[in-house]
Enquirer: 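Starting off with a structure, shown below.
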Amino acid sequence: MSLKSIEDIKTLEEATLELANAERKLKDLPKKVFKEVLILTGVAILFPFLPGKRGREPMIKSWEYDDALIFTSSIFGLTYIIGYFWRKEKLQKRIRELKLKEHILSKAKN
């Protein structure tokens, strides 16, 4: 479901609906962590065996498997953590903006 821009919200009902959707997405964010970490773990296990671009040899040919696994897991883990907190902050910012828009629309209605 795509999010409406703040400028496109014209009524109090739209603002309330968008706010509820954003709060639901923020609440559901931690529930997705287990599935996403499981997928990343699977990719990290297989990644050392994948050949590089333009015919390069796979990482497993030049590295020990445990070193390659530690390297890819740490890169994927760090990237996931940064992405998770970025998504969380983005949703929290949207909620703050929607609460402000809802407040402004409720004052304009009165």
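Numbers here simply count residues along the sequence, with the first being 1.
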Enquirer: Can you tell me how far the OG1 atom of Thr11 sits from the CG atom of Leu17, to the nearest 0.5 Å?
Expert: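 Reported to 0.5 Å precision, the distance equals 9.0 Å.
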Enquirer: List for me each residue that meets side-chain hydrogen bond (donor to acceptor under 3.5 Å, both in side chains) alongside Thr16, sequence neighbours excluded, and say none if there are none.
Expert: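 side-chain hydrogen bond (donor to acceptor under 3.5 Å, both in side chains) check on Thr16 returns Glu102.
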Enquirer: Could you give the distance from CG (Leu91) to NZ (Lys27), rounded to the nearest 0.5 Å?
Expert: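 Leu91 atom CG to Lys27 atom NZ measures 14.5 Å (nearest 0.5 Å).
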Enquirer: Test of understanding: with salt bridge (Lys or Arg N to Asp or Glu O under 4.0 Å), list the residues that count as partners of Lys31, not counting sequence neighbours.
Expert: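 Result, salt bridge (Lys or Arg N to Asp or Glu O under 4.0 Å) vs Lys31: Asp28.
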Enquirer: What residues, two or more places apart in sequence or in another chain, satisfy ring pair (Phe, Tyr, Trp, His ring centres under 6.0 Å) together with Phe71?
Expert: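 Result, ring pair (Phe, Tyr, Trp, His ring centres under 6.0 Å) vs Phe71: Trp63.
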Enquirer: Going by heavy atoms in the side chains, are Tyr80 and Val33 under 4.5 Å from each other?
Expert: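 Yes - at least one pair of side-chain heavy atoms lies under 4.5 Å apart.
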Enquirer: So, taking the atom named OG1 in Thr72 and the one named CE in Met59, what distance separates them when rounded to the nearest 0.5 Å?
Expert: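 Atom-to-atom, Thr72:OG1 and Met59:CE are 6.5 Å apart.
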Enquirer: Once you round to the nearest 0.5 Å, how far does CD1 of Ile45 lie from OH of Tyr65?
Expert: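 Reported value, rounded in 0.5 Å steps: 5.5 Å.
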Enquirer: Can you measure from CZ (Phe47) to CD1 (Ile60) and round to the nearest 0.5 angstrom?
Expert: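 Going from CZ on Phe47 over to CD1 on Ile60, the span is 12.0 Å.
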Enquirer: Hey, quick one: are Val37 and Val43 part of the same hydrophobic cluster, counting side-chain heavy atoms closer than 4.5 Å, chains of contacts allowed?
Expert: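 Looking at the clustering, Val43 is in the same group as Val37.
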Enquirer: Can you give me the closest heavy-atom contact between Ser73 and Ala44, atom names plus distance?
Expert: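 For Ser73 and Ala44, the tightest heavy-atom pair comes out as OG-CB, 3.7 Å.
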Enquirer: In the structure I gave you, are the side-chain heavy atoms of Thr41 and Phe76 within less than 4.5 Å of one another anywhere?
Expert: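 No. Closest side-chain heavy atoms not under 4.5 Å.
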Enquirer: Looking only at heavy atoms, what is the nearest atom pair of Ile95 and Ala22, with distance?
Expert: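 Here Ile95 and Ala22 meet closest at CG1-CB, 3.8 Å.
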Enquirer: Output the distance between atom CD1 (Ile70) and atom CD1 (Ile75), rounded to the nearest 0.5 Å.
Expert: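 Reported to 0.5 Å precision, the distance equals 12.5 Å.
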Enquirer: With hydrophobic residues grouped by side-chain heavy-atom distances under 4.5 Å, do Ile81 and Leu40 end up in a single group?
Expert: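 Yes, it is one cluster - the side chains of Ile81 and Leu40 are joined through contacts under 4.5 Å.
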Enquirer: Please collect all salt bridge (Lys or Arg N to Asp or Glu O under 4.0 Å) contacts where either partner lies in residues 89-101, sequence neighbours excluded, each pair once.
Expert: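 Non-adjacent pairs meeting salt bridge (Lys or Arg N to Asp or Glu O under 4.0 Å): Glu18-Arg94, Glu89-Arg96.
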Enquirer: Below 4.5 Å, heavy atoms only, C-beta onward: do Ile9 and Leu98 meet side chain to side chain?
Expert: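 A side-chain contact exists here, since the closest heavy-atom pair is under 4.5 Å.
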Enquirer: Can you tell me which residue pairs pass the salt bridge (Lys or Arg N to Asp or Glu O under 4.0 Å) test with a partner in residues 49-69, sequence neighbours excluded?
Expert: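 Residue pairs passing salt bridge (Lys or Arg N to Asp or Glu O under 4.0 Å), neighbours aside: none found.
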Enquirer: What pairs meet the salt bridge (Lys or Arg N to Asp or Glu O under 4.0 Å) rule with one or both residues in residues 34-45, with sequence neighbours excluded?
Expert: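 Those involving residues 34-45 are Glu36-Arg87.
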